[in-house]
Amino acid sequence: MTQAFFAAHDVNGAEVLTPLESSSSNWNRDHIRGPALTSILARAAERAVSTRIDVRPARATFEFFRPSHMVASRTETTVVRDGRRTVLVDARLLQADTMVARAQVMFLASGANPPEPLWAPDDAFEVPPSDLTADRYGRLYRSGND
């Protein structure tokens with residue numbers, strides 16, 4: 001890795017993350033940019049499932065609801081569900097014990113492909129008629145009998 005957003009330090013047994021210059025936003029130099037926030041939250045979520053080598057991240061949602069400043073930070077995680085095929089993790093970024101961002105990450109275990117072909121519809125999609133106009137409610141859809 002050639003560039004990092006944070007430096008990790010051990011302070012009294014807890015990991016403290018110090019933002020580096022590369023994590024500073026172009027809009028406000030005192031704020032942390034979005035890619036740095038998503039990377040540190042993704043890192044925390046992946047560490048929460050590090051013993052599960054059979055799962056891979058499948059979906060992640062990131063929420064930034066307070067300004068995140070260029071100050072020492074820490075992450076917390078909670079494994080919401082640890083099932084056979086699905087693991088759900090909540091990750092939080094805290095600054096001065098205030099949550100400023102969070103992520104919800106779903107990890108899935110891979111499985112074998114089914115022996116039969118996957119389902120597909122029998123009929124091809126029909127192109128709507130060129131004279132289709134909205135009804136009095138603004139709808140552009142019709143049933144087969146309309």
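The figures here come from the full heavy-atom set of this structure, side chains too, leaving out hydrogens, waters and symmetry mates.
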S.K.: What heavy-atom pair brings Ser68 and Val100 nearest, and what distance separates the two atoms?
M.R.: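 Scanning both residues, the minimum pair turns out to be CB-CG2, 4.0 Å.
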S.K.: Kindly indicate, with the supporting measurements, whether the criterion side chain to side chain donor-acceptor pair (under 3.5 Å) is fulfilled by Ser22 and Arg33.
M.R.: CA-CA 9 Å; Ser22 59; Arg33 65 178 51 224; over 6 Å; no
S.K.: Can you name the nearest heavy-atom pair linking Met99 to Phe65, along with the distance?
M.R.: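 So the two residues come closest at O-CE1, 3.3 Å.
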S.K.: Nearest heavy-atom pair of Pro57 and Glu46: which atoms, and what distance?
M.R.: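 That closest heavy-atom pairing would be CG-OE2, 4.3 Å.
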S.K.: State the CD-CZ distance between Glu76 and Arg92, to the nearest 0.5 angstrom.
M.R.: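 That separation rounds to 5.0 Å.
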S.K.: Only counting residues at least two apart or in another chain, list the ones meeting salt bridge (charged side-chain N to carboxylate O under 4.0 Å, His left out) with Arg66.
M.R.: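 If we apply the salt bridge (charged side-chain N to carboxylate O under 4.0 Å, His left out) test to Arg66, skipping adjacent residues, there are no hits.
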S.K.: Specify the closest pair of heavy atoms between Phe6 and Ala36, including all atoms of both residues, with the distance to one decimal.
M.R.: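 For Phe6 versus Ala36, the nearest heavy atoms are CE1-O, 3.5 Å.
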S.K.: Who pairs with Thr86 by side-chain contact (heavy atoms from CB on, under 4.5 Å), at least two apart in sequence or on another chain?
M.R.: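 By the side-chain contact (heavy atoms from CB on, under 4.5 Å) rule, Thr86 matches Arg81, Leu88, Met106, Leu108.
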S.K.: If hydrophobic clusters are built by linking Ile, Leu, Val, Met, Phe, Trp and Tyr wherever their side-chain heavy atoms come under 4.5 Å apart, do Leu20 and Ile40 end up in the same one?
M.R.: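 No, separate clusters.
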S.K.: Test of understanding: with side chain to side chain donor-acceptor pair (under 3.5 Å), list the residues that count as partners of Glu21, not counting sequence neighbours.
M.R.: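 Testing Glu21 for side chain to side chain donor-acceptor pair (under 3.5 Å), a comparison that skips the adjacent residues, returns Arg29.
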S.K.: Is there a side-chain contact between Asp97 and Arg74, using heavy atoms and a 4.5 Å cut-off?
M.R.: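 Side-chain contact under 4.5 Å: yes.
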S.K.: Could you give the distance from CZ (Phe62) to CD (Gln104), rounded to the nearest 0.5 Å?
M.R.: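 Separation between the atoms: 10.5 Å.
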S.K.: Evaluate the side-chain proximity of Phe5 to Leu37: yes if any heavy-atom separation is below 4.5 Å, no if none is.
M.R.: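 No. Closest side-chain heavy atoms not under 4.5 Å.
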S.K.: Are the side chains of His69 and His31 in contact, using a 4.5 Å heavy-atom criterion?
M.R.: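 In contact.
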S.K.: Restricting to non-hydrogen atoms, name the atom on Thr77 and the atom on Ala44 that form the minimum distance, rounded to 0.1 Å.
M.R.: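 In terms of heavy atoms, the two residues are closest at CG2-O, 3.5 Å.
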S.K.: Any Lys/Arg nitrogen of Asp54 or Arg85 sitting under 4.0 Å from an Asp/Glu carboxylate oxygen of the other?
M.R.: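 The answer is no: the pair does not qualify as a salt bridge.
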S.K.: Just so I know, are the side chains of Ile32 and Met70 near enough to count as touching, which here means a heavy-atom distance under 4.5 Å?
M.R.: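 Yes, side chains in contact.
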S.K.: Is Arg43 close to Leu17 at the side-chain level, that is, under 4.5 Å between some pair of heavy atoms?
M.R.: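 Yes, close enough: below the 4.5 Å cut-off.
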S.K.: Taking all non-hydrogen atoms of both residues, which atom of Leu93 and which atom of Leu41 are closest, and how far apart?
M.R.: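 Minimum heavy-atom contact is N-CD2, 3.7 Å.
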S.K.: Would the distance check show the side chain of Ser25 and the main-chain N or O of Ser23 forming a donor-acceptor pair, the cut-off being under 3.5 Å?
M.R.: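 Checking the backbone N and O of Ser23 against the side chain of Ser25, no donor-acceptor pair under 3.5 Å is found.
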S.K.: Starting from Leu94, can I reach Val105 by hopping between I/L/V/M/F/W/Y residues whose side chains sit under 4.5 Å apart?
M.R.: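 No, separate clusters.
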S.K.: Using a cut-off of 6.0 Å, state whether more than 12 heavy atoms not belonging to Arg52 lie near its atom CZ.
M.R.: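 Atom CZ in Arg52 is packed in, count exceeds 12.
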